[in-house]
There are 2 protein chains.
Amino acid sequence: MIYSSELIKGTLKTIVLKLLEDNNRMYGYEITQRVKELTKDRIQITEGALYPTLHVLEQDGLVTTELEYNGKRARKYYSLSAEGKSMTKEKVNELADFMETMKFLLDIKTGIA
Amino acid sequence: MIYSSELIKGTLKTIVLKLLEDNNRMYGYEITQRVKELTKDRIQITEGALYPTLHVLEQDGLVTTELEYNGKRARKYYSLSAEGKSMTKEKVNELADFMETMKFLLDIKTGIA
DNA sequence: AAAGATACATAAGATTCCAATGCATTAGAC
DNA sequence: GTCTAATGCATTGGAATCTTATGTATCTTT
C-alpha cells in the first residue's frame, strides 16, 4: 500500500524534524531514502516536496546547515537548532495526540482485535 | 489542544465518510457539530471546508442527497451510496495503516541500532 | 426586537504538495 | 571505456485543499 498523497500533507514537516532529532544531521537525499526504507516504500517523499520544506525550516531558524563535499559532490547537511529541538517535541506530541483522536473518531481497533 | 490546520488536511474526507457510515444520514451542519463534540473541540470543521468537500463527494457519486424541510428551513441530508460504502472502508483502512506507520516512524530512537 | 444559533452556500487567497524538469557527479554494467 | 542508473542539489507550474470572509435566510432565546 502506498498512501495517497493527501495523507502525507501536514505530516511531512514533523517527519523531517523527528528524523533530524534521531540522527543529529542528515542531508536531503538521505532523508528521502531513509523514510522510504523505514516505511517499506509506503511513504515516498518527493524532492519537490522535501527541498521547499527544508528551506522553510531553515528560514524559520529551526535547522542549521553545513555544506560539505564528498569528492566534488556537494551535500547539504541539516541539523536541529535549539529552537528546532523544542519545536520537534511539540510537533511530535501534537501528532501523537491527533492520531489518538483520529483513532477514536474512526473507532479503529489496532493490534489486538 | 486545538490541532494545527495542516494536520486536518487530507483527513476530512475520511472523517465525513466514516460519520456517514455510522449514522446512515446526516446534514452538513450536523456533521460540524458532531465532530466538534466527539473530539472535545479539538477538531473544528469549518463550513468553508465542509461544503465543498460534500459537493465533491456527491459529484463523485459517493453520496446521495435528500433535501428536507423542517418548517421552512432546508436541510440537505447526505447518505452513502454503495460505492461510497466501499470507498469508506478503503479510506478508513488506509488511514489506520498510515497511522501505524507514523507511530512507528515517530517512535524511532536511533537511525541504526 | 435583538442576538445568537441553525443552515445553506460561495469566493478570494494561502498553503502545501506533485510532477516535471534541469544540472552535475559518481558508481556500476556491459 | 562508454552508457546507464543512482546520487545530490534545486526550481517551476499546476493542482488540491483548507481558511477567512462574506452572504442569505430561518428559528430560538432573552
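Below, chain A is the first sequence line, B the second, and so on; all start at residue 1. Model, not experiment: these values are computed from the prediction. Values below: every heavy atom of this structure, side chains too, minus hydrogens, waters and symmetry copies.
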How would you list, by chain and number, every residue that makes a side-chain contact (heavy atoms from CB on, under 4.5 Å) with [X], sequence neighbours excluded?
X: A:Ala96; value: none
X: B:Glu6; value: A:Lys91, B:Ser4
X: A:Leu67; value: A:Tyr69, A:Ala74, A:Lys76

* Name every residue in residues 32-40 of chain B that has at least one heavy atom under 4.0 Å from any atom of DNA chain C, in order of residue number, or write none if there are no such residues. => none
* Asked: Which residues in residues 3-16 of chain A have at least one heavy atom lying under 4.0 Å from any atom of DNA chain C?
  -> A:Ser5, A:Lys9, A:Gly10, A:Leu12
* Asked: Please, which pairs that meet side chain to side chain donor-acceptor pair (under 3.5 Å) have at least one residue in residues 49-67 of chain B, sequence neighbours excluded?
  -> B:Arg25-B:Glu66, B:Glu58-B:Thr65
* Any pair counted as side chain to side chain donor-acceptor pair (under 3.5 Å), so long as it reaches residues 32-50 of chain B, sequence neighbours left out -> B:Asn23-B:Arg34
* **Summary of ring pair (Phe, Tyr, Trp, His ring centres under 6.0 Å) pairs that have at least one residue in residues 2-35 of chain B, sequence neighbours excluded** => A:Phe98-B:Tyr3, B:Tyr27-B:Tyr77
Dump the pairs, protein N or O against N or O of nucleotides 28-30 of chain D, anything under 3.5 Å, distances to one decimal.
none

Distance-only criterion, 3.5 Å: show the donor-acceptor pairs between side-chain atoms of residues 80-87 of chain A and protein atoms not counting sequence neighbours.
unit_1: A:Ser81; atom_1: OG; unit_2: A:Gly61; atom_2: O; d: 2.7
unit_1: A:Ser81; atom_1: OG; unit_2: A:Leu62; atom_2: O; d: 3.1
unit_1: A:Ser81; atom_1: OG; unit_2: A:Glu83; atom_2: N; d: 3.4
unit_1: A:Ser81; atom_1: OG; unit_2: A:Gly84; atom_2: N; d: 3.0
unit_1: A:Ser86; atom_1: OG; unit_2: A:Glu83; atom_2: O; d: 3.1

* Scan B:Glu47 against the nucleic acid and name what it touches under 4.0 Å (heavy atoms): base, sugar-phosphate only, or nothing. => base
* Structure fact -> Protein-proximity profile, nucleotides 1-6 of chain D, B/S/- by nucleotide at the 4.0 Å heavy-atom cutoff, equals -----B
* Taking DNA chain D as the partner, which of residues 48-72 of chain A come within under 4.0 angstrom of it by heavy atom? -> A:Gly48, A:Tyr51, A:His55
